[in-house]
Amino acid sequence: MTRLMIRDFVVLKSHLDPAAQAGLIEALRPVLKAAPPFSPQTPSGKKMSVRMTSAGALGWISDRTGYRYAPQHPGGQDWPAIPDPVLRLWAEVTGLERRPDCCLINYYGEGARMGLHQDKDEADFSWPVVSVSLGDDGLFRIGNPTRGGRTESVWLSSGDVVVMGGPARLSYHGVDRIRYKSSRLLPRGGRLNLTLRVVT
Ligand code: SIN
Ligand code: MN
């Protein structure tokens, strides 16, 4: 395990060992069944290349109306609860008693990516955001608190955890590409990213 600090982003390399990674996948299985991942549209009408769903009291959604948190899956059901091992991981890396309201689950299949963006649909930016990488490697790009400027990239591998707090909380970030089938954690390949956030 190595702790990197890249522009105030704390990158915990290999924070989760293979058994812990497999345990998270197991815990996520019923969540993905109850709240099947969907391909959201951006407000401008483009289909996002990642598929997503959520667990927790609130889920993050995007459609022609805009980006927002919603209490239900587009299918009409409540989001499933955030699995205990995920909550324990949040408590462990943040030291906070407050639990996250949302665990966004992004699935990157072959060719999927995520453009540079800020996480800014939450009420209070003093809470950190925690991101967990599972499965294939993803090239994570880190920018600045304002649009533009130089960026730095780091490959995130299965078991890596990133904490975005302080000045990093509102910094631009994205995923340029994945190395499809670089990991064998997910039988069909791809990358799962969990993003934990306090929303309200
Ligand atoms: C995100 O910022 O929504 C996802 C980041 C990642 O997939 O690592
Ligand atoms: Mn983000």
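Numbering of ligands and ligand atoms starts at 1, following listing order.
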Whether H73 side chain and P36 backbone form a donor-acceptor pair below 3.5 Å
yes

Classify the ring geometry of H173 against F140: parallel below 30°, tilted from 30° to 60°, perpendicular beyond 60°.
tilted

May I ask you to test the V132-H15 pair for a side-chain heavy-atom distance under 4.5 Å?
no

I'd like the contact residues of ligand 1, where contact means a heavy atom below 4.0 Å.
N106, Y108, M114, H117, F140, H173, V175, R191, N193

Looking at L16, is its backbone amide N or carbonyl O close enough to the side chain of Q21 to form a donor-acceptor pair, meaning the two atoms are under 3.5 Å apart?
yes

I'd like to know whether CZ of R7 has more than 12 heavy-atom contacts from other residues, nucleotides or ligands below 6.0 angstrom.
yes

Which of these, W60, Y69, W127, sits in a side-chain hydrogen bond (donor to acceptor under 3.5 Å, both in side chains) with E122?
Y69

Determine, step by step, whether D119 and R169 satisfy the salt bridge (Lys or Arg N to Asp or Glu O under 4.0 Å) criterion, reporting the C-alpha distance in whole Å, the side-chain angles of both residues, the deciding distance to 0.1 Å, and the verdict.
CA-CA 8 Å; D119 287 14; R169 177 62 183 79; 5.1 Å; no

Within 45° of the axis and under 6.0 Å from the centre of the six-membered ring of W90, does NZ or CZ of R99 qualify?
no

Is it possible for you to check whether R179 lies under 6.0 Å from the centre of the six-membered ring of W155, through NZ or CZ, and within 45° of that ring's axis?
yes

Using a cut-off of 2.8 Å, count how many protein N, O or S atoms are strictly closer to the Mn ion (ligand 2).
3

